[in-house]
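Order of the sequence lines sets the chain letters (A, B, ...), proteins ahead of strands, with each chain counted from 1.
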Protein chains: 2
Amino acid sequence: MAEKSIKKRANLRDVAKASGVSVATVSRVLNTPELVTETTRQAVQAAIEALHFVPSAAARSINSGRSHVIGALVPTLDNAIFSRFLGALEAKLSAHGLSLVVATTDGDPDIEAQKAQRLINIGAEALIVSGITHSPEFDQLITRTRIPTVATSFYEADYRYPTIGYDNAAASRKALEFLIGKGHQDIAVFHGPTEHHDRMRARLSGLHGQGELHTYETEITLAGAGKAIDALFQSSPHITAILCLSDVLALGALFGLQRRNIQVPNDISLIGIDDLPSSASAFPSITTIHLPAFEMGIRTADAVANWVERQIIPEPHLIDTTLIVRQST
Amino acid sequence: MAEKSIKKRANLRDVAKASGVSVATVSRVLNTPELVTETTRQAVQAAIEALHFVPSAAARSINSGRSHVIGALVPTLDNAIFSRFLGALEAKLSAHGLSLVVATTDGDPDIEAQKAQRLINIGAEALIVSGITHSPEFDQLITRTRIPTVATSFYEADYRYPTIGYDNAAASRKALEFLIGKGHQDIAVFHGPTEHHDRMRARLSGLHGQGELHTYETEITLAGAGKAIDALFQSSPHITAILCLSDVLALGALFGLQRRNIQVPNDISLIGIDDLPSSASAFPSITTIHLPAFEMGIRTADAVANWVERQIIPEPHLIDTTLIVRQST
DNA sequence: ATCAAGCATGTAACTAGTTTCATTGATGTG
DNA sequence: CACATCAATGAAACTAGTTACATGCTTGAT
C-alpha cells in the first residue's frame, strides 16, 4: 500500500515513463521544444504537470558546469553605502542571468575566509570582496580553487585580484584640502575602526602631512558619531570644522551638533565622504565626496559576468570621486 | 602535445588515478577521513593539492538533494528596514549552514515571479518574500514546485504561505491614536506608493474611521518626503502633526520642515513607523512605532531552517510592535 | 592452527540530468 | 520504383559525486 505520494520528487525518468517517451525527449521538451512534435510535447507537458516535475538544478549544473551564482562578501548590510552597491550589483548581475549570494563578514577576515569557503561549497562561480585586507586562509583558498575574484571599494593597480573602486586616500585628501582652502586650521576627523579596515586606513593615510588633526575613532553609526561629538567637546572644543570619513558619521555629527545647539556651518563646518542620499536631503545639506557606489556595482557586475562567461579577466578600474559642495561648509 | 593544463577542472576520478586509489577512497578522504589510513590519506591529499581539485558543488547536491541555498525576494535594498531584515536573516541562516541569495523586485509582482523562477532554477530550497501581494504566476509557481515559502513583513493567520510579520494596520493605528491622544486634530499622512504595496495599504487602512486626514502619496525616499512637505504647504498648512507611514519619510519630513524653519514638535509634531536608527539619533529624535525587523529576520531564518531541515512547516507568527515616544511629538 | 571479527579499500550502482549517435519512418526526387 | 534526405525519437554514454556491498587482509580468541 505504499502510496506514491510518499515517493519524493519526480525526475526525468518518471516523466518519461508516465508519458511513454524516452528521457531524451523529455529533456528536449524542456530545452529545445521546437525539435519535438506538438503531440508528444503536449503529452510530456501533461505528465510534467501531473507529476509536479521540477528539473533538478544540481543535475543541470553538473552537466553545464555552471551554477549561475556569484558570491559577494561585504562587511555589513547596515551601512547604506553597501546596500547601494549590492542593489546595483544584483540588478546588473540579474540582467546577465546571474544570481547574487550575499554573505556578511562583520569586517572580520576570519569570518570572510569561512564564508568564502561556504560560497565555494555551494558552487559560486566567482567572488566579490570589499577592500584588500584578507586573511592568508582566504588568499590560499582563492589560489587553490582558482575562483575568479574581484576586490571592490578600493583601487590598486597591481593587487592580486583585479580591483574596481576608488582611491580612498585621494577622496579624504580632497575633502581635507577643501576645508583647508576654506581657511580652516583646527579640524577634527571622525573615523571608523581601522583594524581590518583598509578603506578607513587609506582614508586616514590620505590626510598625512597636512598639519595637525584631532582624530576621533568611533563605530560607523549615527550613535557612534554622537559619542565622537561628546568626546570632541571634552577635549578640543576650539575646532572649526569636522571631517567625517563616512557620511553616516557626518549625519550623526550633524545631529550631535544640533543637539548642542551648535550652528552648521556658522559655528562648525561639516564634510563627509560617501554621498549618501541623507547628505543631500539633510538640513543643512552636507558637503561630501561622492563615491559612485552604484556605478561600482554596475561595473563589478559587468566585470564578473565577462569573467565567468567569456573568461575575460577584468582590468583594474579606478572610479572617480567628486566633491559635492553643499550647505554644511 | 596536448598540455594537461588545457584540461579543465580535475574530478574525483583524476585524483583517484593520480593517487592510485579508488574514487570511493578519495570520497572518504573528503567526507569521513577517520575511515582512511594516515598513509593513503596523505597520498590523496597530495594529489588533491597537485591537481587543484575542488569538489563539484553540483555533484554533491545531486546526491544529497540539498543545495543549502535560500532565496529572498525584497522590493529594494535601498531602504534600511530591508537591509536590517536581510542582515539578521543572513546571519541566522548562516548559523544554520544556509546561504542567502538576494533578489530585488522593485515592488513589481511580475519581476518577483520572474526572479522567483530564477531562484528555483539555481536550486533554492525555500523562498522568502515580502508582503502578501503576489502575481498569479508567482502563486502558481509556488504551488507547482511546492517550494517552501514564507511571507514576511506582514501577518495574516490564514494566508496561503506562513506569515512572519507585524500587523501593519495596527501599527499605523497605534501611531494615529497616539497623536489624537495628544490632542491633534488636523493631521497629515505621508505614505508611499500603494500600488502592489500591501504593507503601505494596510497601514493606510489602519487609519480609517478616525476622522478626516490629509494624505500625501510620494516615493519612499528622503527627497520624496521633501516633495510631500512642499505639497502639504501648498494645500493645507493648518495641520499640527504629520504621521509618516515610514521612518524614511519621517526623517525626510523633518529635514523639509527644518528647511522651512518650522519647529518640531512646537509647530508641528512628527511620528513615523519603522524605528530606523536615524529616528533615534535625529535631532529632534523622532517618535515612531518600532518594527522589529531584526527579530523578524532571526525568526524567519529559524522558521525556514526548520522547514528545509526537519520538514516542520512554520506557524504564522505575529511580531509585536511598540510605540517609542521621542522628542518629535 | 582455525575461525570470527573488523578494518581498509575497491567495485559498481546509484543520484538526475544532457548529449551524441543510431534508428525509424515519412517525404521528395530522379 | 529506388534512393536520398530529413524530422522525430530512442539507447546509451556521458557529467561528478556518494554509498551499499563485497573483498582481502590482519588480528585475537579458542
Side-chain angles (χ1 to χ4, degrees), chain A residues 7-48 51-69 120-125 145-147, chain B residues 7-48 51-69 120-125 145-147:
Chain A
K7 235 201 116 206
K8 42 189 194 293
R9 266 174 62 174
N11 62 26
L12 257 200
R13 263 98 186 160
D14 298 330
V15 175
K17 203 166 293 175
S19 47
V21 299
S22 71
V23 289
T25 301
V26 179
S27 181
R28 284 186 198 106
V29 169
L30 294 170
N31 302 305
T32 49
E34 66 276 9
L35 296 182
V36 181
T37 316
E38 180 67 23
T39 332
T40 39
R41 198 190 319 166
Q42 283 175 358
V44 172
Q45 286 290 8
I48 287 176
L51 296 175
H52 290 276
F53 169 70
V54 181
S56 147
R60 286 199 146 157
S61 83
I62 208 179
N63 284 292
S64 64
R66 303 268 332 253
S67 68
H68 298 281
V69 165
I120 289 170
N121 286 346
I122 63 164
E125 295 184 42
T145 61
R146 296 177 177 168
I147 185 170
Chain B
K7 235 202 118 209
K8 38 187 200 293
R9 269 175 60 175
N11 62 28
L12 255 201
R13 264 96 185 162
D14 298 331
V15 176
K17 205 166 293 177
S19 47
V21 300
S22 71
V23 289
T25 302
V26 180
S27 181
R28 285 188 198 106
V29 169
L30 294 170
N31 301 305
T32 48
E34 66 278 9
L35 296 183
V36 182
T37 315
E38 180 68 22
T39 332
T40 38
R41 197 189 321 167
Q42 284 175 358
V44 171
Q45 286 289 6
I48 286 175
L51 296 175
H52 289 275
F53 170 71
V54 181
S56 148
R60 285 199 147 159
S61 82
I62 208 179
N63 284 293
S64 64
R66 303 268 332 250
S67 68
H68 298 280
V69 166
I120 289 170
N121 287 345
I122 64 166
E125 295 184 43
T145 62
R146 297 175 176 171
I147 185 171

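For B:P55, the side-chain atoms get nearest to D:dG17 when compared with the rest of C:dA16, D:dG17, D:dA11.
One finds the CD atom of B:Q45 at 7.5 Å from the CG atom of B:L30 (value rounded to the nearest 0.5 Å). Taken from OG in A:S27 to CG in A:L35, the straight-line distance is 10.5 Å, to the nearest 0.5 Å. Atom CD1 of residue A:I122 and atom CZ of residue B:R66 lie 12.5 Å apart, to the nearest 0.5 angstrom. The distance from atom CD1 of B:I48 to atom CG of B:L12, rounded to the nearest 0.5 Å, is 8.0 Å.
The separation between A:E38 atom CD and D:dT9 atom C1' is 16 Å, rounded to whole Å. Atom CD1 of A:I48 and atom P of C:dG17 are 10 Å apart (whole Å). The separation between A:I62 atom CD1 and D:dA16 atom C1' is 4 Å, rounded to whole Å. A:E34 has its CD atom 15 Å from the C1' atom of D:dT9, to the nearest Å. Going from atom CZ of A:R9 over to atom C1' of C:dT15 covers 12 Å, rounded to whole Å. Atom CG in B:L30 sits about 8 Å away from atom P in D:dG17, given to the nearest Å. The CG-P distance, from A:D14 to C:dA16, rounds to 8 Å in whole Å. For the pair A:K17 NZ and D:dT9 P, the computed distance is 20 Å after rounding to whole Å.
For B:T40, a side-chain nitrogen or oxygen approaches OP1 or OP2 of C:dT9 to under 4.0 Å. Residue A:T37 has a polar side-chain atom (N or O) positioned under 4.0 Å from OP1 or OP2 of D:dT9. Within the 4.0 Å cut-off from OP1 or OP2 of D:dT15, not a single side-chain nitrogen or oxygen of A:S64 is found. Side-chain N/O atoms of B:T25 include none lying less than 4.0 angstrom from OP1 or OP2 on C:dT9. The shortest distance between the side-chain N/O atoms of A:S56 and the OP1/OP2 oxygens of C:dA16 is not below 4.0 Å. Remark: B:N31 is in phosphate contact with D:dT18, judged by side-chain N or O atoms under 4.0 Å from OP1 or OP2. Contact between the side-chain N/O atoms of A:S27 and the OP1/OP2 oxygens of C:dT18 is found at a separation under 4.0 Å. Using a 4.0 Å cut-off, some side-chain N or O of A:N11 falls inside it from OP1 or OP2 of C:dA16.
Note on B:V26: nothing from the nucleic acid sits closer than 4.0 angstrom, heavy atoms only. Using a 4.0 Å heavy-atom cutoff across all strands shown, B:G123 reaches no nucleic acid atom at all.
Two residues, A:L35 and B:N63, neighbour DNA chain D, and the one matched to the more 5' nucleotide by heavy-atom proximity is A:L35. When the nearest nucleotides of DNA chain C are assigned to A:R28 and B:R13 by heavy-atom distance, the more 5′-ward of the two goes with B:R13.
Checking side-chain atoms of B:R28 against main-chain N and O of B:V36 turns up no donor-acceptor pair under 3.5 Å.
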